[in-house]
Amino acid sequence: MSDELDISHGGAIAVDTQGLRDVGVRIAAVAAHFADTQASIRRAHGIIVDAPGLSAALDTVALWTSGDRAGELRARCEEASVGTLLMADAYELVELRAQADALALTDAAAADALYARIERLEASDERLGGMADMLVAGWKDGRYEGLASQYDLGGMMAPLFVSGGLLGSTLGLGKVHPGSTLSGRADPVTVRPVATSSPVGTPASLADAFRRLPEAPEAQIRIDRLTMSDGSTQFIAYIKGTQSPFFGAGDPWDMKSNAELYAGKTSASYQATLDALEAAGARPGDRVDLFAHSQAGMIASHLAMESEFDVQVMVTAGSPTEPTLREDQLLVQLVHSDDIVSSLAGGGSPGGTGSPGSFTVTREGDASDGVQDVWVDTHWMHSYIETAEMVDASDDPRAVALDDYWRMLDEAEVIESTEYSAERTGWAP
């Protein structure tokens with residue numbers, strides 16, 4: 001297990017560009033203060049030198065040297081300010097390119113407006129285009145780090161696993177773009193409750209939330225209905241990943257649903273999730289937060305982007321796709337660099353997605369080689385819970401900010417939890 005976490009906004013954009021620009025402006029202000037200091041020292045030196053007998057009592061050489069030092073600090077701060085502002089522009093350029101490319105699929109006019117803005121930004125400094133290209137190139141080179149060394153077993157399996165990432169990025173299936181909607185009709189499903197409970201509290205951490213995935217062996221979905229102190233109702237859906245290795249059998253959480261969702265088609269598992277939410281009392285416009293593993297990450301992506309529910313928080317572990325969320329939707333993604341399923345997302349978007357507080361956590365789940373690699377141990381929930389525990393212990397500001405979310409959930413006065421089992425209707429072995 002690796003203890004190193006990489007927490008970023010996702011893709012090539014690892015910083016808040018506006019925050020970086022603010023830093024550049026503040027450094028410039030410091031440079032101005034050093035310039036004032038140098039000017040004051042020079043004035044004082046002139047007064048001392050011109051005053052009869054005063055220069056003999058003071059070290060005018062040291063005073064002049066201190067003025068030189070202030071000037072050097074001014075020059076260094078000015079250089080740092082210019083470099084910081086230039087870097088902020090380069091990050092912004094990467095982000096704008098990603099946004100424009102995504103919009104080109106659904107809104108040509110809006111995309112053209114962004115492309116025009118990109119041209120103006122590139123024209124402002126001839127270095128920006130090359131810097132942005134380097135940022136994206138570095139991101140692309142690091143997307144599959146961990147896959148090539150993991151699953152080594154004599155070097156036979158590495159190409160297979162790396163090809164998963166190339167599939168997602170080359171075909172563009174790993175990114176759910178704005179305006180994308182699932183097509184076709186799902187296989188008919190039957191959803192029934194199999195377990196109910198009244199939990200004493202809501203999740204208090206990421207690891208705690210993922211431990212709340214359904215416990216009943218036949219259940220794929222758990223839905224908690226929360227009645228808040230003001231009388232309002234909201235829901236949390238905890239959705240399992242793939243449960244069956246078969247294609248089109250009784251369990252909708254199978255390889256057929258995986259293939260359908262990855263190709264942008266409505267799956268039986270997606271329909272079953274909608275049916276379970278309806279059975280739990282969720283109605284259009286109700287808030288539904290999502291915690292999803294593996295295949296469920298694809299289900300959650302489309303629930304957050306195209307359903308009638310108000311999805312404000314989406315947390316995934318080992319998802320094969322990345323959604324394109326609005327700036328008022330929080331997205332937290334746990335990704336293992338040596339997880340073949342995560343690699344299907346193709347590295348996601350170079351511009352990241354979701355609210356400014358959204359973040360992606362990347363870690364090499366298992367740095368050692370062994371037989372555990374054969375059954376893709378780094379993809380299973382127990383491995384991602386270890387990562388979630390590390391995030392919970394992190395002092396990264398974005399991880400710490402999740403405490404506000406857990407506190408909000410803790411205001412629930414009544415919690416009703418139901419686990420649901422789904423099966424394709426009419427299927428028989």
Side-chain angles (χ1 to χ4, degrees), residues 168 173-194 213-214 218-224 235-325 329 331 333 341-342 344-345 418-427:
L173 299 177
K175 181 70 177 177
V176 185
H177 296 284
S180 299
T181 57
L182 293 173
S183 62
R185 300 180 64 178
D187 294 339
V189 291
T190 300
V191 174
R192 59 186 177 88
V194 293
L213 291 174
E218 68 273 33
Q220 304 100 338
I221 317 162
R222 167 180 167 170
I223 298 176
D224 286 1
F235 300 82
I236 305 176
Y238 306 91
I239 316 171
K240 282 183 176 179
T242 302
Q243 300 297 297
S244 170
F246 299 109
F247 194 95
D251 193 328
W253 268 254
D254 64 353
M255 299 309 293
K256 181 179 182 182
S257 287
N258 271 322
E260 289 172 335
L261 287 166
Y262 197 63
K265 298 180 180 179
T266 307
S267 71
S269 57
Y270 181 78
Q271 184 59 52
T273 303
L274 291 175
D275 292 348
L277 284 166
E278 182 179 1
R283 299 293 179 261
D286 284 346
R287 174 168 178 168
V288 178
D289 293 341
L290 306 169
F291 291 86
H293 173 232
S294 189
Q295 178 185 143
M298 295 188 286
I299 296 171
S301 292
H302 289 281
L303 286 172
M305 291 179 63
E306 65 182 88
S307 78
E308 296 180 315
F309 299 116
D310 177 18
V311 177
Q312 296 187 25
V313 176
M314 173 180 163
V315 184
T316 65
S319 175
T321 60
E322 180 185 86
T324 304
L325 298 190
Q329 292 176 295
L331 174 65
Q333 301 178 102
V341 178
S342 288
L344 289 168
T418 306
E419 296 186 9
Y420 294 90
S421 175
E423 186 175 12
R424 283 188 175 86
T425 304
W427 181 87

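Numbers here simply count residues along the sequence, with the first being 1.
- A distance-only check finds a donor-acceptor pair linking the side chain of Ser421 to the backbone of Glu218 [under 3.5 Å].
- Ring geometry for Phe291 versus Tyr238: interplanar angle under 30°, hence parallel rather than tilted (30 to 60°).
- Looking at Gln243 and Gln220, their side chains never bring a donor and an acceptor atom within 3.5 Å of each other.
- Remark: side-chain polar atoms of Asp224 are not paired, donor with acceptor, to backbone N or O of Ile236 under 3.5 angstrom.
- A heavy-atom distance below 4.5 Å is not found between the side chains of Met314 and Gln329.
- For Glu308, the CD atom sits in a loose shell: 12 or fewer heavy atoms of surrounding residues, nucleotides or ligands are nearer than 6.0 Å.
- In this structure, the separation between OG1 on Thr316 and CG on Leu290 is 10.0 Å, given to the nearest 0.5 Å.
- In this structure, CD1 on Ile221 lies 10.5 Å from NZ on Lys240, to the nearest 0.5 angstrom.
- Interatomic distance, Ile223 CD1 to Glu278 CD, rounded to the nearest 0.5 Å: 10.5 Å.
- Rounding to the nearest 0.5 Å places CG of Leu277 at 8.5 Å from OH of Tyr420.
- Residues Ser267 and Lys256 have side chains not in contact (no heavy-atom distance under 4.5 Å, counting atoms from C-beta outward).
- With Thr324 contributing its side chain and Val176 its backbone, the two residues share a donor-acceptor pair below 3.5 Å.
- Between Glu306 and Ser180, the shortest heavy-atom contact is OE1-O, 3.6 Å.
- Under the 3.5 Å distance criterion, the side-chain polar atoms of Thr266 are matched with a main-chain donor or acceptor of Ser183.
- Donor-acceptor pairing under 3.5 Å is recorded for the side chains of Ser269 and Gln295.
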I'd like to know whether Trp253 forms a side chain to side chain contact (heavy atoms under 4.5 Å, CB included) with Ser294, so could you lay out the CA-CA distance, the side-chain angles of the two residues, the decisive distance to 0.1 Å, and finally the verdict. CA-CA 10 Å; Trp253 268 254; Ser294 189; over 6 Å; no
